[in-house]
Amino acid sequence: MIEIEVQNETHQTQTCLRFAAVPRMGEGIRLMEPDGFWASYDIIDLWYQKAEFGDIWMPYIHVKMTASELAAKAKKGAKPSATDQQQIVDTAKKVADILQASGGEVTPEPEEMHHS
């Protein structure tokens, strides 16, 4: 088994994994995501660095989630954009102002009847 440091560009993480053989650039591998699910990654770079001990060269790989995997994750649960987040903050501030002005008590407005 060969221990290889995997630098994950998608999550900006580094981890050491054991491989039976050094994967080549352009190959794909499956890695476990932080949420516990498996995802496909492309090897975008492979290099060797001399180890601190002896005349040994250690492999390193740089990976990035495949475009199709990124698209699938974006479709499944898109994160709110910065403007969406700002709208949420603004709405929360308005609600807080209303609560403060009313002494903490808010009576809900009657719902409008919708006819189809």
Side-chain angles (χ1 to χ4, degrees):
M1 296 300 272
I2 303 164
E3 191 165 293
I4 302 174
E5 181 175 302
V6 178
Q7 297 180 1
N8 187 326
E9 181 178 301
T10 304
H11 296 293
Q12 299 297 309
T13 59
Q14 295 178 356
T15 187
C16 285
L17 299 174
R18 292 182 183 207
F19 292 83
V22 177
R24 296 177 290 188
M25 278 183 47
E27 286 185 338
I29 60 174
R30 303 278 292 167
L31 297 174
M32 188 176 288
E33 290 287 284
D35 62 8
F37 291 98
W38 292 90
S40 297
Y41 285 81
D42 290 325
I43 297 173
I44 58 175
D45 198 10
L46 164 68
W47 71 96
Y48 293 85
Q49 290 181 345
K50 191 170 183 177
E52 295 178 11
F53 52 90
D55 194 21
I56 298 172
W57 290 82
M58 303 295 295
Y60 292 79
I61 61 175
H62 189 189
V63 300
K64 181 178 181 181
M65 191 178 289
T66 61
S68 59
E69 192 81 41
L70 280 171
K73 285 193 174 285
K75 193 177 212 182
K76 188 167 59 172
K79 292 183 179 178
S81 68
T83 55
D84 291 341
Q85 291 174 348
Q86 188 58 47
Q87 288 174 348
I88 292 168
V89 169
D90 292 343
T91 301
K93 287 179 181 177
K94 287 178 187 176
V95 170
D97 290 344
I98 291 168
L99 284 173
Q100 186 176 13
S102 67
E105 292 183 23
V106 176
T107 56
E109 295 181 16
E111 292 184 32
E112 293 180 323
M113 298 293 287
H114 296 282
H115 300 287
S116 30

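For the numbers below, each heavy atom of this structure counts, side chains included, while hydrogens, waters and symmetry mates do not. Only a predicted model underlies this, so the values are computations on that prediction, with no experimental measurement involved. The first residue in the sequence is number 1, and the count goes up from there.
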Could you report the tightest heavy-atom contact between T10 and M65, atom names first, then the distance? OG1-N, 2.8 Å
Do Q7 and E5 touch side chain to side chain, with heavy atoms closer than 4.5 Å? yes
Taking C-beta and beyond as the side chain, do V6 and L17 meet within less than 4.5 Å on heavy atoms? yes
Could you check whether any side-chain N or O of Q12 sits under 3.5 Å from a backbone N or O of E9, counting only pairs where one atom can act as donor and the other as acceptor? yes
Is any side-chain heavy atom of P59 closer than 4.5 Å to a side-chain heavy atom of I2? yes
Does any non-hydrogen side-chain atom of K64 lie less than 4.5 Å from one of D42? no
Run the side-chain donor-acceptor check on residues 43-56: report pairs under 3.5 Å with partners two or more places apart or on a different chain.
none

Which pairs would a plain distance check flag for residues 20-32, meaning a side-chain donor or acceptor within less than 3.5 Å of a matching protein atom at least two apart in sequence or in another chain?
unit_1, atom_1, unit_2, atom_2, d
R24, NE, E27, OE2, 3.2
R24, NH2, E27, OE2, 3.2
E27, OE1, R24, N, 2.9
R30, NH1, S40, OG, 2.7

Could you pull out the closest heavy-atom pair between V63 and Y41, with the gap in Å? CG2-CD2, 3.9 Å
